[in-house]
**Student:** 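Can you keep this structure in mind? I'll have questions shortly.
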Amino acid sequence: MALRRILRIDDAVDKKTLKLVCRPVKLPDRTMRQLVADMFETMNEANGIGLAAPQIGLPIQLCVIEIPPEIEELDDGTEVEVAPAEQYVFFNPKIVKTSGDEVMRDEGCLSLPGWYGYVARNSWVTVEYQDISGKFRRMRKADGLLGWAIQHELDHLNGVLYTERIRDLATFRDITKEREESAAPA
């Protein structure tokens with residue numbers, strides 16, 4: 001596996017690639033297994049939950065998502081994993097149905113680390129895609145963090161950046177500064 005460089009929204013050259021509409025992937029393709037492994041490694045190293053191929057400079061319709069494990073704290077203070085992490089790989093994905101309602105959520109991106117803003121997304125989506133072998137699949141009513149991540153990553157595949165979806169720019173802020181200010185002695 002290999003770490004890949006994540007392109008940045010605030011770099012003019014990188015942004016040109018991030019704004020491209022990606023081309024479909026012809027499957028099966030044996031080179032994709034290594035690419036998928038590299039993408040998960042790169043995403044995890046950057047503490048993300050999703051990564052689209054254009055974010056590493058490849059204008060192809062591929063994204064990966066990893067929903068973290070669900071951890072519950074017991075009465076004695078110990079933590080137990082109640083649901084394992086889940087990994088998803090989407091080739092040539094398309095949203096085919098949406099909830100039609102919108103939910104606002106604070107959203108960030110690995111292509112602009114530390115910056116967050118409120119974005120409206122559908123509360124659930126149904127997505128059709130191909131798995132790594134080329135088999136067509138459908139995921140119905142993906143909601144919560146997974147549904148949110150799917151919408152964000154599919155935007156990347158269409159050259160749309162989350163910063164373009166922020167309706168109220170007053171919500172757009174650098175949380176690393178907020179953390180520094182809250183950690184500073186009074």
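One-based numbering along the sequence shown.
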**Student:** Between OG1 of T163 and OH of Y116, what distance do you get to the nearest 0.5 Å?
**Tutor:**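 T163 OG1 to Y116 OH: 14.0 Å, rounded to 0.5 Å.
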
**Student:** Output yes when a side-chain donor or acceptor of Q130 lies under 3.5 Å from a complementary backbone atom of F136, and no otherwise.
**Tutor:** no

**Student:** Under 4.5 Å between side-chain heavy atoms, hopping through other hydrophobics if needed: is there a path connecting Y129 to I49?
**Tutor:** yes

**Student:** List the atom pairs, with distances to 0.1 Å, where a side-chain N or O of residues 32-39 and a protein N or O form a donor-acceptor pair under 3.5 Å, not counting sequence neighbours.
**Tutor:**
residue : atom : partner : partner atom : Å
Q34     : NE2  : D38     : OD1          : 2.7
D38     : OD1  : A2      : N            : 2.8
D38     : OD2  : R4      : NE           : 3.2
D38     : OD2  : R4      : NH2          : 3.0

**Student:** To the nearest 0.5 angstrom, please state how far the CG atom of L3 sits from the CE atom of M43.
**Tutor:** 12.0 Å

**Student:** Mind running side-chain contact (heavy atoms from CB on, under 4.5 Å) on I150 and F90 for me, showing each step along the way?
**Tutor:** CA-CA 9 Å; I150 288 170; F90 299 96; 3.9 Å; yes

**Student:** Do L112 and F172 touch side chain to side chain, with heavy atoms closer than 4.5 Å?
**Tutor:** yes

**Student:** Taking all atoms of both residues into account, what is the closest heavy-atom pair of P54 and L7, and its distance?
**Tutor:** O-CD2, 3.7 Å

**Student:** Minimum heavy-atom separation for P24 and N92, please, with both atom names.
**Tutor:** CA-OD1, 3.1 Å

**Student:** With a 4.0 Å cut-off on N to O distance, would you call R121 and D143 a salt bridge?
**Tutor:** no

**Student:** Locate the shortest heavy-atom distance separating C109 from Q55; write the atom from each residue and the value.
**Tutor:**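 Here C109 and Q55 meet closest at SG-NE2, 3.6 Å.
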
**Student:** Among W115, W148, Y118, find the residue that satisfies the side chain to side chain donor-acceptor pair (under 3.5 Å) test when tested with E107.
**Tutor:**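 The option that passes is W148.
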
**Student:** If you count heavy atoms of other groups shown closer than 6.0 angstrom to CD of E45, is the number above 12?
**Tutor:** no

**Student:** Answer yes or no: does atom CG of D76 have more than 12 heavy-atom neighbours from other residues, nucleotides or ligands under 6.0 Å?
**Tutor:**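 Enclosed: over 12 neighbouring heavy atoms sit under 6.0 Å from CG of D76.
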
**Student:** For H152 and H156, take the angle between the two ring planes, folded into 0 to 90°, and tell me which bin it lands in: parallel under 30, tilted 30 to 60, perpendicular over 60.
**Tutor:**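 Because their plane-to-plane angle is over 60°, the rings of H152 and H156 count as perpendicular.
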
**Student:** Out of curiosity, R173 CZ to L169 CG, how far, rounded to the nearest 0.5 Å?
**Tutor:**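 Answer rounded to 0.5 Å: 12.5 Å.
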
**Student:** Please name the pair of heavy atoms, one in E164 and one in G159, separated by the smallest distance, quoted to 0.1 Å.
**Tutor:** OE2-O, 4.1 Å

**Student:** Is there a path of hydrophobic side-chain contacts, each under 4.5 Å between heavy atoms of I/L/V/M/F/W/Y residues, joining V160 to L154?
**Tutor:** no

**Student:** When you check the gap from the basic side-chain N to the acidic O, do E128 and R138 get nearer than 4.0 Å?
**Tutor:** yes

**Student:** How long is the span from the CG atom in L18 to the CG atom in D10, to the nearest 0.5 Å?
**Tutor:** 10.0 Å

**Student:** Could you walk me through whether V82 and V80 pass side-chain contact (heavy atoms from CB on, under 4.5 Å), step by step?
**Tutor:** CA-CA 6 Å; V82 293; V80 63; 4.2 Å; yes

**Student:** Answer yes or no: is there a donor N or O on one side and an acceptor on the other, between the side chain of N122 and the main chain of V125, under 3.5 Å?
**Tutor:**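 Pair absent, no side-chain N/O of N122 close to backbone of V125.
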
**Student:** What's the shortest heavy-atom distance between T98 and I95, and which atoms?
**Tutor:**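 In terms of heavy atoms, the two residues are closest at CG2-CG2, 3.7 Å.
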
**Student:** Give a yes or no on whether R105 atom CZ has more than 12 heavy-atom contacts from other residues, nucleotides or ligands under 6.0 Å away.
**Tutor:**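 Yes.
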
**Student:** Within the distance-only criterion (no hydrogens, no angle test), does the side chain of S99 pair as donor or acceptor with the backbone N or O of S123 below 3.5 angstrom?
**Tutor:** yes

**Student:** Is M104 reachable from L145 through a run of hydrophobic residues whose side-chain heavy atoms are each under 4.5 Å from the next?
**Tutor:**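 No: no chain of side-chain contacts under 4.5 Å links L145 to M104.
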
**Student:** Output the distance between atom CZ (F91) and atom CG (L27), rounded to the nearest 0.5 Å.
**Tutor:** 5.5 Å

**Student:** More than 12 non-hydrogen atoms from neighbouring residues, nucleotides or ligands closer than 6.0 Å to CZ on R5, yes or no?
**Tutor:** yes

**Student:** Report, one line per pair, each donor and acceptor closer than 3.5 Å where one atom sits in a side chain of residues 57-74; sequence neighbours left out.
**Tutor:**
residue : atom : partner : partner atom : Å
Q61     : NE2  : C22     : O            : 3.1
E66     : OE1  : N44     : ND2          : 3.4
E66     : OE1  : Q87     : NE2          : 3.0

**Student:** Would you mind checking if D14 and R8 are paired as a salt bridge, meaning a charged N to carboxylate O distance below 4.0 Å?
**Tutor:**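 No.
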
**Student:** List the atom of L110, the atom of A46, and the distance in Å for their closest heavy-atom pair.
**Tutor:**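 It is CD2-O, 3.5 Å.
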
**Student:** So, taking the atom named CD1 in I56 and the one named OG1 in T42, what distance separates them when rounded to the nearest 0.5 Å?
**Tutor:** 6.0 Å

**Student:** Do Y88 and E86 meet the criterion of a side-chain donor-acceptor pair at a distance under 3.5 Å?
**Tutor:**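 Side-chain D/A pair, Y88 to E86: present.
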
**Student:** Kindly indicate, with the supporting measurements, whether the criterion side-chain contact (heavy atoms from CB on, under 4.5 Å) is fulfilled by S111 and K15.
**Tutor:** CA-CA 9 Å; S111 289; K15 191 172 183 177; over 6 Å; no

**Student:** Is L161 linked to L51 within one hydrophobic cluster, defined over Ile, Leu, Val, Met, Phe, Trp and Tyr using a side-chain heavy-atom separation of less than 4.5 Å?
**Tutor:** no

